[in-house]
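Worksheet for the structure shown next.
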Amino acid sequence: MDYRDSPGSVEPEHVEVAVMSVVGVDPVDLAGAQVTVMGLARSGVAACRLLQEAGARVTVSDRKEQSELRSALETIDRAAVRVTVGADYETSLNAADLVVISPGVPYRMDSLERVRRRGVKVISELELASRFLTAPVLAVTGTNGKSTTVTLIGKMLAEQGKRAFVGGNLGTALSEAAWTVLQANKRGEPDPFDYMVVEVSSFQLETIDQFHPWVAAVLNVTVDHQDRYDSLNEYLAAKERIFENQTATDFALFNLDDARVAALRHRVRAKRLGFTSAHTVGPDLDGGTFVDGEAIVTTVTGSRQEICRRSEIRMLGRHNVENVMAAATYAALWGCPNEIIRRVVTTFPGLEHALELVRERRGVRFVNDSKGTNVDATLKALEGIDHPIWLIAGGRDKGGDFSRLTDAVRRRVKHAILIGEAAPLLKRIWAGATAMSEAGTLREAVEFAAREAVTGDVVLLSPACASFDMFKDYQDRGRQFKAAVLALSA
């Protein structure tokens, strides 16, 4: 494919590197290898399918019992794949030549440490899938904004007529795309993708080995997943691994307004780019995207290029200006025409569950930010809405510092309605900051807010907590919120 088909594009020079398998040779050499996949969520099932296509002997394992894994097990060829679940699931590691773990599997488990001491590699599903890819990888990580930024990049590629995979931590597992690539390779067909747009989590990055993005970004790093990491620095170190295998022909993008992220730019080998709300990215970088007055401007191509005005961005929330700047930087690198970048960022309404406007009823707007599962996400939501807020918050505490929200709650929140396990904790921490109530269910919270809110108010679901105490996941929580809102009488 021709990476120079648009003015100002930069050719990703590394993409001609031959696909390598997890054992350092051609993927067909996985044939006969005994591989254990731990974790039967979406990515684990996809990894199993990819490994079977590559000829490996696959064992899948999960600590859950068969009754809890019924839907996942129905997608697996039980005649060809060994299944070890329940109390004895760790025995699946005994004869493994390679172990592939899903993001939810703690990489420091004692059983995995014993496997490593035997000289067996333990890698993430992301790492496995990346060995089968030939198209340039555009990777995005960060505590918040990953999904929005990846979706914007995907839409810009689609508008330009590029064949792009968009997924990873968001949506479709990367192993599904790798399976498609492997199938095409076996048929002697060209790569089915021009670009791979991949949302990457810290969990996935913990066990990479050769994962090599052409462009990689860390959008921000704030306190999150403290039930998994011993410190914020450990969490940051996991995020930083996204740059680990980049070379001087690649690009590393940093949020210069985040001090922790900005400091990382001094430790990479790739060309350094930045995005910032300041009027310039500074002289120590190779270019970037910034805000000049009301205009969003990029200098990635070597010349000044205005993307749009901040007021033209359709998505709610000031933090979405950062997501737009990041996505526009990627687009400028591959040579996306400015009119396409502008059209996408001025028409995209935002992701489901991320400051999603559900309904306006009697002058009150109802906004679904169920994806706000940590303190920083909720803080950004509160700071981004310039109207009195009825905040619905609470759920399962992930170890976040809720006191960081107190000032914003005092200034922005008219009334907080608390739900879930963390409700008593939030009530104690925010005491005196605003009026507060507790609700037994999300529907009760919605109905209370609908009765009490007045014209000009915003009812905002932004929990700052995980959803698993009351819901299947944050998506289930968001959809139940929307159902409750839409059920309100006109």
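What you see below is based on every heavy atom in this structure, not just the backbone, and it leaves out hydrogens, waters and symmetry mates.
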Inset, instruction - Check each of Arg163, Gln160, Lys162 against Asp194 using the side-chain hydrogen bond (donor to acceptor under 3.5 Å, both in side chains) test, and report the only one that passes. - result: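 With Asp194 as partner, side-chain hydrogen bond (donor to acceptor under 3.5 Å, both in side chains) holds for just one option, Arg163.
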Rounded distance [0.5 Å steps], [atom1] in [X] versus [atom2] in [Y]:
X	Y	atom1	atom2	answer
Leu256	Phe275	CG	CZ	7.5 Å
Glu421	Met470	CD	CE	9.5 Å
Phe468	Arg396	CZ	CZ	8.5 Å
Thr289	Glu322	OG1	CD	12.5 Å

Inset, instruction - Describe, in one word, how the ring planes of Trp430 and Phe402 are oriented to each other, choosing from parallel (under 30°), tilted (30 to 60°) and perpendicular (over 60°). - result: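 Perpendicular, since the angle between the ring planes exceeds 60°.
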Legend entry - Plane angle bin for Trp214 and Phe251 - parallel if under 30°, tilted between 30 and 60°, otherwise perpendicular: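 The rings of Phe251 and Trp214 stand perpendicular, inter-plane angle above 60°.
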Inset, instruction - Check the pair Leu379, Arg404 against side-chain contact (heavy atoms from CB on, under 4.5 Å), reporting the backbone distance first and the verdict last. - result: CA-CA 8 Å; Leu379 182 60; Arg404 292 178 54 229; 4.2 Å; yes
Considering only heavy atoms from C-beta outward, does the side chain of [X] approach that of [Y] to under 4.5 Å?
X	Y	value
Val166	Ile153	no
Asn185	Phe132	no
Val197	Phe165	no
Tyr330	Leu152	no
Leu382	Leu460	yes
Leu264	Lys239	no
Leu418	Met436	yes
Arg428	Leu425	yes

Indicate every side-chain donor-acceptor pair of residues 64-90 with a distance under 3.5 Å to a residue at least two apart or in another chain.
residue: Glu68; atom: OE2; partner: Glu65; partner atom: N; Å: 3.2
residue: Thr75; atom: OG1; partner: Ala72; partner atom: O; Å: 2.6
residue: Asp77; atom: OD1; partner: Ala79; partner atom: N; Å: 3.1

At their closest point, which heavy atom of [X] faces which heavy atom of [Y], and how far apart are they?
X	Y	answer
Leu170	Glu199	CB-OE1, 3.0 Å
Phe193	Asp191	N-OD1, 2.8 Å
Asn144	Asp376	ND2-OD2, 3.1 Å
Ala129	Leu50	CA-CD2, 4.1 Å
Ala238	Glu206	CB-CG, 4.4 Å
Leu355	Gly317	CD1-CA, 4.0 Å

Inset, instruction - Assess whether side-chain contact (heavy atoms from CB on, under 4.5 Å) is satisfied between Leu126 and Val198, documenting all intermediate values. - result: CA-CA 9 Å; Leu126 173 80; Val198 187; 3.9 Å; yes
Taking side-chain hydrogen bond (donor to acceptor under 3.5 Å, both in side chains) as the definition, give me every residue that meets it alongside [X], ordered by chain and number, with sequence neighbours left out.
X	value
Thr151	none
Asp407	Arg411
Thr378	Ser462
Ser403	Asp401

Inset, instruction - Starting from the C-alpha separation in whole Å, work towards a yes-or-no answer on side-chain contact (heavy atoms from CB on, under 4.5 Å) for Ile101 and Met109. - result: CA-CA 11 Å; Ile101 61 174; Met109 287 171 51; over 6 Å; no
Under the salt bridge (charged side-chain N to carboxylate O under 4.0 Å, His left out) test, residues paired with [X] that sit two or more places apart:
X	answer
Arg187	Glu189
Arg272	none
Arg63	none
Arg269	none

Inset, instruction - Please report the C-alpha distance between Glu356 and Leu351 in whole Å, then the side-chain angles of each, then the deciding distance to 0.1 Å, and finally whether the side-chain contact (heavy atoms from CB on, under 4.5 Å) criterion is met. - result: CA-CA 7 Å; Glu356 174 193 12; Leu351 294 177; over 6 Å; no
Inset, instruction - State whether Glu127 and Lys121 are salt-bridged, where the test is any N-O pair (Lys NZ or Arg NE/NH1/NH2 against Asp/Glu carboxylate O) under 4.0 Å. - result: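 Answer for the salt bridge query: no.
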Legend entry - Electrostatic pair Arg116:Glu113 at N-O distance under 4.0 angstrom: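 Yes, charged N to carboxylate O under 4.0 Å.
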Within the distance-only criterion (no hydrogens, no angle test), does the side chain of [X] pair as donor or acceptor with the backbone N or O of [Y] below 3.5 angstrom?
X	Y	answer
Glu176	Ala173	no
Arg265	Ala262	yes
Thr207	Ser124	yes
Asp257	Ser277	yes

Inset, instruction - Start with the C-alpha distance between Asp209 and Arg131, add both sets of side-chain angles, then the distance that settles salt bridge (Lys or Arg N to Asp or Glu O under 4.0 Å), and finish with yes or no. - result: CA-CA 10 Å; Asp209 184 26; Arg131 305 293 185 88; 3.1 Å; yes
Inset, instruction - Using the test ring-ring contact (aromatic ring centres under 6.0 Å, His included), find all partners of Phe211 that sit at least two apart in sequence or belong to another chain. - result: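 Applying ring-ring contact (aromatic ring centres under 6.0 Å, His included) to Phe211 gives none.
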Indicate whether any N or O donor in one side chain lies under 3.5 Å from an N or O acceptor in the other, for [X] and [Y].
X	Y	value
Tyr235	Thr143	yes
His266	Asp284	no
Glu125	Ser175	yes

Legend entry - Of all pairs that satisfy side chain to side chain donor-acceptor pair (under 3.5 Å), the ones with a partner from residues 466-480, not counting sequence neighbours: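 Those involving residues 466-480 are Glu352-Arg479, Ser370-Arg477, Asp476-Gln480.
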Which pairs would a plain distance check flag for residues 33-42, meaning a side-chain donor or acceptor within less than 3.5 Å of a matching protein atom at least two apart in sequence or in another chain?
residue: Gln34; atom: NE2; partner: Arg57; partner atom: O; Å: 3.2
residue: Gln34; atom: NE2; partner: Thr59; partner atom: OG1; Å: 3.0
residue: Thr36; atom: OG1; partner: Ser92; partner atom: O; Å: 2.7
residue: Arg42; atom: NE; partner: Gly171; partner atom: O; Å: 3.1
residue: Arg42; atom: NH1; partner: Gly168; partner atom: O; Å: 3.1
residue: Arg42; atom: NH1; partner: Gly171; partner atom: O; Å: 2.4
residue: Arg42; atom: NH2; partner: Asn169; partner atom: O; Å: 3.1

Legend entry - Close aromatic pair by centroid cut-off 6.0 Å: Phe254 and Phe243: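 Under 6.0 Å, so yes.
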